[in-house]
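Working notes for the structure below.
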Amino acid sequence: MRGAEGAEGWIEEGKARFAIANAFYRSSSQIGRDLAVLAAAIYRQHHGQLRVIDAMTGCGVRPLRYHLESGADWIWANEGNPELRALLQENLRQGMAPESYGITHQDANQLFFRCAQQQDYYDLIDIDNFGSPTPFINSALWAIKFGGLLYLTSTDGRTTGGHALEKSVQMYGACARRHPAVYEQGLRLLMGYAAQQAAARGWCIQPVFSIFNGSIHRAMVRVVPQSWQDEDYGFLAYCYGCGQFRTAGWRQLGQLSCEVCGTAPVVSGPMWLGPLHDMEYVGQMAKLANKWQWPQRIQQLLAVMMAEATMPPYYYPLAEIGRRGQMDIPARDRLIAGIRERPVADSHYRATRTHLDAQAIKTDAPLAVCLEVAKSL
């Protein structure tokens, strides 16, 4: 299961065996490929087939894994650099029959429009780009099958993290501001742009899963011919005065103030405000990972993803809680347990870990409650 270098420079990841040579390969991104393999396998179980476009295939590790582990019937491996053709041919023939794949060297947008012209629609399109995927999302929608999976990548954490406001407007049609939950903001800007582009065609997206691995944001969404869900797309406001987050729809713009201290907040968005993950789908992925006897760390990650799936669209780093409370940083799990014990109305507050930051919590409790609980521990 774990990626490892074998004899004579061959790399092993999952069931794939391949060489890298001059192609790009990031071993730290394996977790994103692991989750995609699980999601693709579940899709094939449900639909009886799996045809994949890997739009920027690099060394070919993804086609190999989609075929060998997810059971993909046919894979279009596209790589913009034609100098990698010999490497790709050598790698793919290691685990795939010639009739199960094709190799091209086109611009990804040209490839997607070619599919649309031929009415050749795909079950899964994987776009593993550098920077932002926004130049490719609209054209990819022309090649995706209804109900199909679109897997997106963003490596530009500087822009989504609020360090390049003008660029965030240019790339995402959204303002990305700095605040303590910018890792999640990167995922939500990515999904929000996909949602807007789908809506322009009368469709909508549904999340399958999304992940931040410390440097790269990846989000897999399902494209469906349904109407726009207004409540899933909006703005995230952060108060620098007291540290409280809140969400807002576009109708509330110009009327926003912090619900706690009344200060005017900074506003990011528009972005995706709905669930980060599909709990049922991720649950099926967890069962399959267990059946395949994958490492326990995968099971633990999927469990955290299910817990955070429907939590509010932000998180609180423990360091932020410690700073605002002028106290030592509280133990994460004790803080979560304490918040869950606090009653609200006829229920209790929710709180959980988040995969986005090991030293942070997601909760629907106001920050003031988090500070009270932390001080009482």
Query - Test of ring centre spacing under 6.0 Å for Phe209 and His277 - result: no

Report task. Mark yes or no for whether Ser347, through its side chain, and Val344, through its backbone, hold a donor-acceptor pair below 3.5 Å. Result -> no

Query raised in the report: Using 4.0 Å as the upper bound for N to carboxylate O, is an ion pair formed by Glu308 and Arg353?
Result: no

Query raised in the report: Quick one: does NZ or CZ of Arg340 land under 6.0 Å from the six-membered ring centre of Tyr349, within 45 degrees of the ring axis?
Result: no

Query raised in the report: Within the side chain of Ser168, is there an N or O that forms a donor-acceptor pair under 3.5 Å with the backbone of Ala176?
Result: yes

**Report entry** Tyr233-Trp228 aromatic ring centre distance below 6.0 Å
**Finding:** yes

Query raised in the report: Side chains of Arg51 and Tyr122: do they bring a donor and an acceptor to under 3.5 Å?
Result: yes

Requested in this report: Decide whether Glu13 and Tyr25 meet the rule of one side-chain donor and one side-chain acceptor closer than 3.5 Å.
Outcome: yes

Query raised in the report: Using the benzene-type ring in the case of Trp, are the ring centres of Trp203 and Phe146 under 6.0 Å apart?
Result: yes

**Report entry** Any donor-acceptor pair under 3.5 Å from Gln299 side chain to Ala286 backbone
**Finding:** yes

Requested in this report: Could you verify whether a donor N or O on one side chain and an acceptor N or O on the other, from Arg342 and His348, lie under 3.5 Å apart?
Outcome: no

Requested in this report: Check whether any side-chain N or O of Trp272 sits under 3.5 Å from a backbone N or O of Gly274 as a donor-acceptor pair, and report yes or no.
Outcome: yes

Query raised in the report: Does Glu166 CD have over 12 foreign heavy atoms under 6.0 Å away?
Result: no

Query raised in the report: Can Asn78 and Thr104 be counted as having a side-chain donor-acceptor contact under 3.5 angstrom?
Result: yes

Query - Expected output: side-chain His105 to main-chain Gly80 donor-acceptor under 3.5 Å - result: no

Query raised in the report: Is it true that His179 and Tyr240 have ring centroids separated by less than 6.0 Å?
Result: no

Requested in this report: For Thr134 and Met171, indicate whether the former's side chain and the latter's backbone hold a donor-acceptor pair under 3.5 Å.
Outcome: yes

Query - Side chain Arg44, main chain Gly71, donor-acceptor under 3.5 Å - result: yes

Query raised in the report: Is Asp120 salt-bridged to Lys145, cutoff N-O under 4.0 Å?
Result: no

Query raised in the report: Are the side chain of Tyr238 and the backbone of Ala181 linked by a donor-acceptor contact shorter than 3.5 Å?
Result: no

Requested in this report: Answer yes or no: does atom CZ of Arg334 have more than 12 heavy-atom neighbours from other residues, nucleotides or ligands under 6.0 Å?
Outcome: no

Query raised in the report: For the ring pair Phe245 and Tyr315, is the centre-to-centre distance below 6.0 Å?
Result: no

Requested in this report: Using a strict 4.0 Å threshold on nitrogen-to-oxygen distance, state whether Asp54 and Arg65 make a salt bridge.
Outcome: no

